[in-house]
Amino acid sequence: MPELPEVETVMRTLQPKLIGLKIIAAQILLPKIIRTPDIDEFKEKITGRKILKINRRGKYLLFILNDGLNLLFHLRMTGNLVYCQQDEPLSKYTHLVLALDNSCHLRFADMRQFGRIWLVPASSMNSLSGFKDLGVEPLGAVFTTSYLKKELKRRHVRIKPLLLDQTFIAGLGNIYTDEALHRAKINPERLATTLNPREITRLHHAIRDVLQEGIENRGTTVRDFIDGNGRPGNYQELLRVYNREGKPCRRCGQNILRKKIGGRSSYYCPACQKI
DNA sequence: ATGACGTCCTGCCTGC
DNA sequence: TGCAGGCAGGACGTCA
């Protein structure tokens, strides 16, 4: 599941390869993944465009093209974006191939077909549903302890589903949310309004630390994640709770539990993260 | 404002 | 061994 650190890793691996290259052709093998525009217009508009820059916003990858166009990718669960030689065999899950003017390919593949792609003028980015309502960047300057204190005070929801809400904080998914709550010693079912200042400070630091460590370790590969060069990440080795049901807590030795909270699997230590 | 649930999709796991 | 059925999960829409 690509979350912020995985998307950041894809961006960092693609950036040195793609900047300055021109897209000379687009092959669309699964039309429904292109949200806008329709596939004929997509092909026409993207052909001849140059890749000027690659950015990340939340879990979105944002390609800045010339002529004021932006190409957006959301990898969702199993999507990947890989730079490779053009003679590399196509995987059966490849849905979009962008041919580049150096005889290489940028390929989008997604086993579960949940990933989505948009090609939009930079000027209309703020009308894209999902993208336009994204919350604060958790590694950015706006996301401070006092910001988190102020925001949590008026949210009458459990902390886990709130952290997963992309309009609240952009980029956290199931893995890093569970890891951050464990580090902060906060039970995922706690109501946001009941967290005390010390806990909020711990949570703020924990969120930034787990994301930063995730990036430093090139992302988490539980099953599918690969970076822009097709390589898995390393952070799965360092996870403390996620996907560790029944295994001992790395802090206290108690067995990690798994419980559905807000419809999502949540892993936590019942001793370190008391209600 | 909040939450529950269905939808998308396919590989994997479980049970028979 | 093989098959059927359930499950997981990010985002979004619908309904209560």
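Keep in mind that this is a model prediction, so the values were computed, not measured.
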Given A/Arg202, A/His204, A/His205, A/Lys150, the one that forms side chain to side chain donor-acceptor pair (under 3.5 Å) with A/Thr145: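 Of the listed options, the one satisfying the test is A/His204.
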Start with the C-alpha distance between A/Glu199 and A/Lys149, add both sets of side-chain angles, then the distance that settles salt bridge (Lys or Arg N to Asp or Glu O under 4.0 Å), and finish with yes or no. CA-CA 10 Å; A/Glu199 289 172 322; A/Lys149 279 178 186 159; over 6 Å; no
Under 4.0 angstrom, heavy atoms only, what part of the nucleic acid is [X] near: base, sugar-phosphate, or nothing?
X: A/Phe131; answer: nothing
X: A/Tyr242; answer: sugar-phosphate
X: A/Arg35; answer: nothing
X: A/Ser129; answer: sugar-phosphate

Closest listed nucleotide, where the reference is the side chain of [X] and the choices are [options]:
X: A/His74; options: C/dA11, C/dG9, B/dT2; value: C/dA11
X: A/Gln113; options: B/dT10, B/dG11, C/dG9; value: B/dT10
X: A/Arg258; options: C/dA8, B/dT10, B/dC12; value: C/dA8

Under the criterion of centre distance below 5.5 Å and interplanar angle below 30°, is A/Phe114 classified as stacked on the base of C/dG10?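 So yes, this residue stacks on that base, both cut-offs being met.
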Taking CZ in A/Arg35 as the centre, count heavy atoms belonging to other residues, nucleotides or ligands within less than 6.0 Å. Is the count above 12?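 No.
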Check the surroundings of atom NZ in A/Lys132: do more than 12 heavy atoms from other residues, nucleotides or ligands lie under 6.0 Å from it?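 Counting neighbours around NZ of A/Lys132, more than 12 heavy atoms of other residues, nucleotides or ligands fall under 6.0 Å, so yes.
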Calculate the interatomic distance between [X] atom [atom1] and [N] atom [atom2]; express it in whole Å.
X: A/Arg112; N: C/dA11; atom1: CZ; atom2: C1'; result: 15 Å
X: A/Met1; N: B/dG11; atom1: CE; atom2: P; result: 17 Å
X: A/Asn174; N: C/dC7; atom1: CG; atom2: C1'; result: 14 Å
X: A/Met77; N: B/dT10; atom1: CE; atom2: C1'; result: 11 Å
X: A/Leu163; N: C/dA11; atom1: CG; atom2: P; result: 13 Å
X: A/Asp224; N: C/dG10; atom1: CG; atom2: P; result: 12 Å
X: A/Phe168; N: B/dG3; atom1: CZ; atom2: P; result: 13 Å
X: A/Leu75; N: C/dA11; atom1: CG; atom2: P; result: 11 Å

Could you tell me the separation between the CD1 atom of A/Ile34 and the NE2 atom of A/His95, rounded to the nearest 0.5 Å?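 If we round to the nearest 0.5 Å, A/Ile34:CD1 and A/His95:NE2 are 10.5 Å apart.
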Are any of [X]'s side-chain N or O atoms less than 4.0 Å away from OP1 or OP2 of [N]?
X: A/Ser265; N: C/dG9; result: yes
X: A/Lys260; N: C/dA8; result: yes
X: A/Tyr93; N: B/dT10; result: no

Heavy-atom nearest nucleotide on DNA chain B for A/Lys92 versus A/Leu191: which residue maps closer to 5'?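 Upstream on the strand: A/Leu191.
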When you match A/Gly263 and A/Arg116 each to their closest nucleotide on DNA chain B, which lands nearer the 5' end?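 Result of the comparison: A/Gly263.
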So, do A/Tyr242 and A/Tyr176 have ring centers that fall under 6.0 Å from each other?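 They do not qualify: ring centres at least 6.0 Å apart.
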